[in-house]
Amino acid sequence: MTVRTRFAPSPTGFLHIGGARTALFCWLEARHRGGEFILRIEDTDRERSTQDAVQAILDGMNWLGLDHDEGPFYQTLRMDRYKQVVENLLKAGKAYYAYESKEEIDVMRAEAMEKGLKPRYNGYYRDRDEGFRDDPNRVIRFKNPASGSVVFDDKVKGRIEFSNDELDDLVLFRSDGFPTYNFAVVVDDIDMNISEVIRGDDHVNNTPRQINVYNALGATVPTFAHLPMILGPDGQKLSKRHGAVGVMQYRDDGFLPHAVLNYLVRLGWSHGDQEIFSREQMIELFDIGNANRAPSRFDVEKLSWLNQQYIKSDDPLELVPHFIWQLRAAGIDPEQGPEPVDVIVALRERAQTLKEMAEKARVWYAPLENYDEAAVTKHLKSATALPALQAVHEHLGASLEWTVESVHEAITAAAAAIEQGMGKVAQPLRVAITGTQVSPSIDHTVFLTGRDEALRRIEAAIKLAGG
RNA sequence: GCUCCCUUCGUAUAGUGGCCCUGGACACCGCCCUCUCAUGGCGGUAACACGAGUUCGAACCUCGUAGGGAGCGCCA
């Protein structure tokens, strides 16, 4: 039997980190085992579901490259099917109508709590068999087995057993005529031939009741794998407060999709000591059975490190479109300066994110207006600054070519001419070009500025140095 | 309250009874390299929640305790 997994988000917001990790694991399991990955939108909650959220989820999946083989399927388009299935259950005596109001149910729960029991429905209409009646409180409930227990072998958590007397008769159809989540998922997973249900472990407690529904429907029960939650850095539930919003925010913040994927795959899963996984390696090595049981915390530091690993090792040409996107987002015109690929080469070891890289690149795309005061004092007012700048200006101006190498030679020659070390020339020059004491290696820094602009900036610095 | 789940350095993890007075990684600290900043290299600080038991031997098995989490909806 072919492996079929699904990712089934409800469209009530963007695709967040936890959802993305679940989607990744589902996708990986399908790809690893040569199966299919299905996308389903669980939109039975008409109040909270929105088309924008559907699009946000699709965008997020697309950005991460988690392609699905079937879908997206929408539950709201399958209403007739749910009705048909529940009718069959009713006819078979495996479900029944119940007429308590929500208030009555609340009282029931409160009473059970008081007795130290689990709050649950007491099964008043279960064997009364009053049949259909036109009543605004009418719901359809499932006749859960009264005795015995449900056992399943969770691929992540191991064997889990629930006693049936812990479970009450869950509502299959609400009084508004819509199916409940617990019913719709089961019908969908059966109809879509899902063989492995991989989802967050907040669903562990729903699993036994769902298994009972599978059995009542005479369907094969799929295997389950419940993934632990991803928490914020403080160990609390991940929230907007942590800045961890939709995955698209990570693009905006300058992260590469494969870096995010790599980070996510290592959250709760590992393969020995390996940290870097290409997409192909993930697919080859992934095994849901190795997933961890304990919840994990989201750590931006590690993500940043991974991101830089990829910035460093990726072909700079492939980073160009991403980088240009970031330049524009930072209000920088990529046309007004050096070739982006040259900038990437100069900055790839100095930026953890592309956003940071764009910020650092600003100096080559806009006129130099501000000088750092401390930098000027330290490197332009020093005794050797003036002769150093003059020598560099001369050698740079005389240089025939304009390449990183020729610039490097010119600077070396200037240093030799005034009998000073590299540092005595590079630092004043760096301040002259960038207005600061920090930049990539001086030859790249000067090269990227362009000959004319570089000479202009050096002239300005010579004036500042008192020349 | 009840049910279920979880617990190795700050973080993510390796470890499946002897190879572990726990290994590599991120972060942190120090040194080296060096035109600054980075990158890179080298080194360092730092953990088996606690208590019993099983065993010749336990991070690994069992039980208990503590702490944390989830669920208990006509939400998904």
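Here is how names work: the chains are called A, B, and so on, in the same order as the sequence lines, proteins then strands, and each is numbered from 1. Note that the structure is a prediction, hence the values are computed from the model and not measured.
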Reading nucleotides 70-76 of chain B from 5' to 3' and marking B where a protein heavy atom lies under 4.0 Å of the base, S where only the sugar-phosphate is that close, and - otherwise, the string is BBBSBBB
Letter by letter from the 5' end, nucleotides 37-43 of chain B scores (B base, S sugar-phosphate only, - none; protein heavy atoms under 4.0 Å) BBSS---
Could you pull out every donor-acceptor pair under 3.5 Å between side chains of residues 167-179 of chain A and any protein atom, sequence neighbours left out?
residue: A/D168; atom: OD1; partner: A/R209; partner atom: NH2; Å: 2.6
residue: A/D168; atom: OD2; partner: A/Y121; partner atom: N; Å: 2.8
residue: A/D169; atom: OD1; partner: A/R126; partner atom: NH1; Å: 2.9
residue: A/D169; atom: OD1; partner: A/N144; partner atom: N; Å: 3.0
residue: A/D169; atom: OD2; partner: A/Y96; partner atom: OH; Å: 2.6
residue: A/D169; atom: OD2; partner: A/R126; partner atom: NH1; Å: 3.0
residue: A/R174; atom: NH1; partner: A/D176; partner atom: OD2; Å: 3.1
residue: A/R174; atom: NH2; partner: A/T44; partner atom: O; Å: 3.4
residue: A/D176; atom: OD1; partner: A/F178; partner atom: N; Å: 2.9

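With sequence neighbours excluded, no residue forms a side chain to side chain donor-acceptor pair (under 3.5 Å) with A/T5. Judged as a side chain to side chain donor-acceptor pair (under 3.5 Å), and not counting sequence neighbours, the contacts of A/E104 are A/S101. Remark: A/Y310 engages A/N262 in a side chain to side chain donor-acceptor pair (under 3.5 Å) (not counting sequence neighbours).
A/E301 comes within 4.0 angstrom of sugar-phosphate atoms only, judged by non-hydrogen atoms across all strands, and of no base. Using a 4.0 Å heavy-atom cutoff across all strands shown, A/R430 reaches at least one base atom of the nucleic acid.
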Mind listing the N/O atom pairs, protein and nucleotides 44-47 of chain B, below 3.5 Å?
none

For nucleotides 6-9 of chain B, give me every protein contact, N/O to N/O, under 3.5 Å, one pair per line with atom names.
residue: B/rC6; atom: OP1; partner: A/R293; partner atom: NE; Å: 3.4

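Taking the six-membered ring where tryptophan is involved, the planes of A/W402 and A/F447 are essentially parallel, since the angle between them stays under 30° and well short of 60°.
Between A/Q427 and A/Y263, the residue anchored nearer the 5' end of RNA chain B, judged by the nucleotide with its closest heavy atom, is A/Y263.
Among residues at least two apart or in separate chains, ring pair (Phe, Tyr, Trp, His ring centres under 6.0 Å) pairs with a member in residues 148-169 of chain A are A/F152-A/F224. A side chain to side chain donor-acceptor pair (under 3.5 Å) check over residues 294-308 of chain A, counting only residues at least two apart or in different chains, returns the pairs A/E275-A/K302.
For the pair A/F298 CZ and B/rC26 C1', the interatomic distance rounds to 13 Å; values are reported in whole Å. Regarding A/N290, its CG atom lies at a distance of 12 Å from the C1' atom of B/rU16, rounded to whole Å. Residue A/E166 contributes atom CD, which lies 7 Å from atom P of B/rC4 at whole-angstrom precision. The interatomic distance linking A/R297 (CZ) with B/rG69 (P) rounds to 11 Å, in whole Å. Protein atom CZ of A/R159 is 15 Å distant from nucleotide atom C1' of B/rC5, rounded to whole Å.
A donor-acceptor contact under 3.5 Å is not formed by the side chain of A/E114 with the base of B/rG1.
Between A/K83 and A/E87, no side-chain nitrogen of the basic residue sits less than 4.0 Å from a carboxylate oxygen of the acidic one, so the salt-bridge criterion is not met. Ion pairing between a basic and an acidic side chain is recognised when a charged N comes within 4.0 Å of a carboxylate O; A/K155 and A/E196 show such pairing.
Here the side chain of A/L267 is nearest to one of B/rA12, B/rC35, B/rC5, namely B/rA12.
Listed by residue number, the members of residues 414-426 of chain A with any heavy atom below 4.0 angstrom from RNA chain B are A/M422, A/G423, A/A426. Residues from residues 380-394 of chain A with heavy atoms under 4.0 angstrom of RNA chain B: there are none.
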| query | Can you check side chain to side chain contact (heavy atoms under 4.5 Å, CB included) on A/R133 and A/R138, steps first, answer last? | reply | CA-CA 8 Å; A/R133 186 201 312 159; A/R138 185 187 67 248; 5.9 Å; no
